[in-house]
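Notes for the one structure printed next.
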Amino acid sequence: MKTVIAEKPSVAREIAGLLGASEKKDGYLMGNGYFVTWAFGHLVGLGMPEDYGISGFQQASLPILPDPFLLTVRKIKKDKAYSADSGAVRQLKIIGELIGRSESIIAATDAGREGELIFRYIYDYLKCDKPFQRLWISSLTEKAIRQGFDNLKPGRDFDRLYQAAEARSRADWLVGINASQALSIAAADGIYSLGRVQTPTLALICRRYLEHTDFQVRHYWQIQLSHTREFIDFKSLSKNTWEEKKLAEDVLKSLQRNGNMAKVSLVTTKAVAEQPPLLFDLTGLQKEANKKLGLSAGETLEIAQSLYEKKFITYPRTGSRYIPEDMWAEIPNLVRALQDRETCRQAVEKVKWARYNKRMVNDLRVTDHHGLLITGKIPSALPAKDNAVYDMIALRLLEAISQPCTKELTDITLAAQHHDFALKGCKILEAGWRAIKGNFSDDDAEALQELPELREGDELKIRQAGVVERKTRPPALYTEAGLLSAMETAGREIDNQEERKALQHIGIGTPATRAAIIETLFARNYIQREKKSLVPTAKGLQVYGLVKDRKIADVGMTAEWEVALQKIENEQADARTFQKQMESYALSITQELLQTCAAPSNLPKLACPKCKKQQLVIREKIVKCPHEGCNWLQFRNVCGVQIGLNDIESLVNTGRTALIKGMRSKAGKTFNAHIVLNEKAESSFEFEKSKPQTK
């Protein structure tokens, strides 16, 4: 008998059906010489500090550097303690018994770093030494599974992949456990969670949020002219800007006094060929689904995984956007299959059959898995969101095989009374790939106006002229799509130019883990959504304030670790050496975080005005109740004014501060007000009463 171990029951059922293992048993299927069983994701993981005899948070125990690392059954939290998951214990016992009754094993967990780790941790935990083979497939279609079983690979061929996965797992443990305990001990006001990738990601969000909120908006003015020629209306805008509205109005009056004509002084045109996009990788799909459908990265991954398990798409956790040469012959069949799908039929008709673009074919750029593709199985009835994500993948395939979109871009300069005005135009020469969805601009802001044919020396009548107000914009808050891009290209955030160049194409996290990292920040109450934007909570800002200058928040260092893990997988680096480096790093950050200043001893001791039980924690930026069930919070910077300790004390003890002067509203207007608390300890403004005017 052979034991096949899949990652989850649904995949096991697909495999068992093809192998003829149709007899249902408790925790597995059996037949035709096979036992087909399954994990439930990570059944086994690295032990926690208590498994090494270390209970609670003890400074004397840090850093915790296990040697050797222990594997334990997955644990779940009950009340305030963790205990073994009974379902995991039961399934592991079944797997162990099946292995004992088998001559060999087939690892059929997902074909990637985490899938390899799931199988190997089970294999090692059960102290198994039987030979095993690896099923490596990119889709769950019958054809792919049969080909996979016809070409099973020796399990040891994937030792380097396992070493990279194990190194990642241990590195996350060393950093996460030690950093979290060290900061919690140093801060002495609650439990903090830090992580190798989680904390630099939080730093990205907090830094952008603070840049946005601290941004000083600058107003300026330009002059806009309206024209008509050949029955086409269009506008031009002054190249000059004015800091004062009156100066712009003076120039406008001069223009109006001295004629109503503008002369074309310069015309430049250029043709550009816009190459079609490549196939989606997982991060690309998540970004597109967030922009167009408002789906979170986690939701998109869940939908993609469901489509994969229903055999509609290939393996979604891919970091590649290319396919190998030997898959190219299958593409025409996939395109023909889409003719039967109502939402894709018109797009298929726009594809030029004899002129497929092979830009997405590149053997050297295919990683563990090729770019996201549909399969020959076309869905007929799916939930609305699943349908939308499927169509994104299908239409991207049609775009990828289409020809470039060629455009003619025109830049024109007009002269009027010694002032230059600019206008831009765009003409589509050949729609190419953009005809698939009929979308000729990626961004509404890029949409260019239609222009008549203009030549240098032409004179244009100014139909209308006016002053328009403009203002500088702060850096945009991250959406989930923007954050995924920042994580994907985290090397660009590095200040050092040489390091930035070396790491500009290396991200933090992997396509398969970035969604989970973002969800972890939500679960920790470090970030929240405001419409489509991701913003830090008070707790997230507090953590950032404590670690922003520490190594744990260094995006560049985290990106370098991702490089090291890739090198381990590619036999260019040693996993043991990497672990020693991570142990040294854990020692360094532990010492660094333990020195993080806790609350000064001379601060007033104030009881929480909401729960009346806890003593408030007073920080530079916030005052908060440490009890998780209460979480009363007061920011110390209110509308641009730092609230002093005397006012904090007065607010908590009497429910009212003294009059605070010079606060500034979002509109930029200054005002004076008291901060007051209501019966629920919620704060609001009580505005200064206007003094009666004396006659």
Side-chain angles (χ1 to χ4, degrees), residues 195 197-215 217 277-278 280-304 316-317 319 321 372 384-386 388-389 391-393 395-396 437 439 441-447 471-493 504-505 507-541 543-544 548 553 555 558-559 666:
V197 182
Q198 167 193 323
T199 304
T201 305
L202 175 63
L204 287 172
I205 297 168
C206 290
R207 192 179 304 124
R208 176 61 63 85
Y209 172 78
L210 293 172
E211 287 172 354
H212 180 90
T213 54
D214 294 343
F215 185 82
V217 175
L278 296 165
F280 282 125
D281 61 4
L282 176 58
T283 302
L285 179 68
Q286 288 169 321
K287 289 192 292 185
E288 187 79 357
N290 182 249
K291 288 178 185 175
K292 301 294 171 61
L293 305 175
L295 297 178
S296 71
E299 286 175 312
T300 303
L301 177 55
E302 186 178 340
I303 290 169
R317 289 175 165 86
R321 303 176 69 190
L372 259 172
K385 290 180 180 178
D386 296 44
V389 171
D391 283 343
M392 279 185 172
I393 298 167
L395 294 175
R396 175 54 64 90
K437 291 192 290 192
N439 181 18
S441 175
D442 293 324
D443 191 332
D444 292 340
E446 294 177 1
K471 60 182 178 181
T472 54
R473 294 184 178 181
L477 293 171
Y478 279 127
T479 60
E480 220 158 312
L483 180 61
L484 286 166
S485 289
M487 294 173 74
E488 190 177 27
T489 57
R492 296 178 189 173
E493 297 283 332
Q504 62 183 341
H505 299 300
I508 57 175
T510 64
T513 61
R514 287 174 189 139
I517 292 161
I518 296 170
E519 291 304 318
T520 296
L521 293 176
F522 281 114
R524 300 278 187 252
N525 192 30
Y526 287 168
I527 64 172
Q528 61 189 15
R529 287 188 180 88
E530 286 187 1
K531 296 182 179 178
K532 289 187 176 182
S533 299
L534 302 180
V535 299
T537 61
K539 185 178 181 182
L541 283 172
V543 171
Y544 176 66
K548 63 181 178 181
V555 171
T558 308
K666 289 183 178 179

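Just so it is clear, the values below take in all heavy atoms, side chains as well, and ignore hydrogens, waters and symmetry mates. Since we're looking at a predicted model, the values are computed, not measured.
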Q.
Return the OG1 to CG distance between T520 and L202, rounded to the nearest 0.5 Å.
A. 11.5 Å

Q: Find the distance between CG (L210) and OH (Y544) and round it off to the nearest 0.5 Å.
A: 6.0 Å

Q.
Please find the pair of heavy atoms, one from G298 and one from E519, that lie closest to each other, and give the distance.
A. N-OE2, 4.3 Å

**Q.** Expected output: side-chain R317 to main-chain P511 donor-acceptor under 3.5 Å
**A.** no

Q. Between R514 and L484, does a side chain to side chain contact (heavy atoms under 4.5 Å, CB included) hold up when you go through it step by step?
A. CA-CA 7 Å; R514 287 174 189 139; L484 286 166; 3.9 Å; yes

Q.
Distance check, rounded to the nearest 0.5 Å: L483 atom CG versus I527 atom CD1?
A. 7.0 Å

Q.
For K287 and S485, which I'm curious about, is there any donor-acceptor pair between the side chains at under 3.5 Å?
A. yes

Q) Where is the tightest heavy-atom contact between K292 and M392, given as atom of each residue plus distance? A) CB-CE, 3.5 Å

**Q.** Over all atoms of both residues, closest heavy-atom pair of Q286 and A297
**A.** NE2-O, 3.1 Å

Q. Given F522 and L534, is the side chain to side chain contact (heavy atoms under 4.5 Å, CB included) satisfied, shown in steps?
A. CA-CA 10 Å; F522 281 114; L534 302 180; 3.6 Å; yes

Q) Just how far is it from atom CD of Q198 to atom CD1 of I517, taken to the nearest 0.5 Å? A) 8.5 Å

Q: Run the numbers on T199 and T558 for side chain to side chain contact (heavy atoms under 4.5 Å, CB included), then give the verdict.
A: CA-CA 10 Å; T199 304; T558 308; over 6 Å; no

Q: Taking all heavy atoms of P200 and all of I508, pick out the closest pair and write down the distance.
A: CB-CD1, 4.3 Å

Q: Would you please test R321 and R396 for side chain to side chain contact (heavy atoms under 4.5 Å, CB included) and show each step?
A: CA-CA 11 Å; R321 303 176 69 190; R396 175 54 64 90; 3.9 Å; yes

Q) Atom CD in E480, atom OG1 in T300: separation rounded to 0.5 Å? A) 8.0 Å

(Q) Determine whether a donor-acceptor pair (N or O, by modelled atom type, separation under 3.5 Å) exists between the side chain of T537 and the backbone of N525. (A) yes

**Q.** Nearest heavy atoms of I205 and P536, plus distance in Å
**A.** CG2-CD, 4.0 Å

Q: Spell out, as yes or no, whether a donor-acceptor pair under 3.5 Å connects the side chain of N290 to the backbone of L295.
A: yes

(Q) For the CG atom of L372 and the CG atom of L278, what is their distance to the nearest 0.5 Å? (A) 12.5 Å

Q: Kindly give the heavy-atom pair with the smallest separation between L541 and Y209, and that separation in Å.
A: CD1-CE2, 3.9 Å

Q) Okay, side chain of T201, backbone of V197: is any donor-acceptor separation there less than 3.5 Å? A) yes

Q. Quick one: does H212's side chain have a donor or acceptor within less than 3.5 Å of a partner on A476's backbone?
A. no

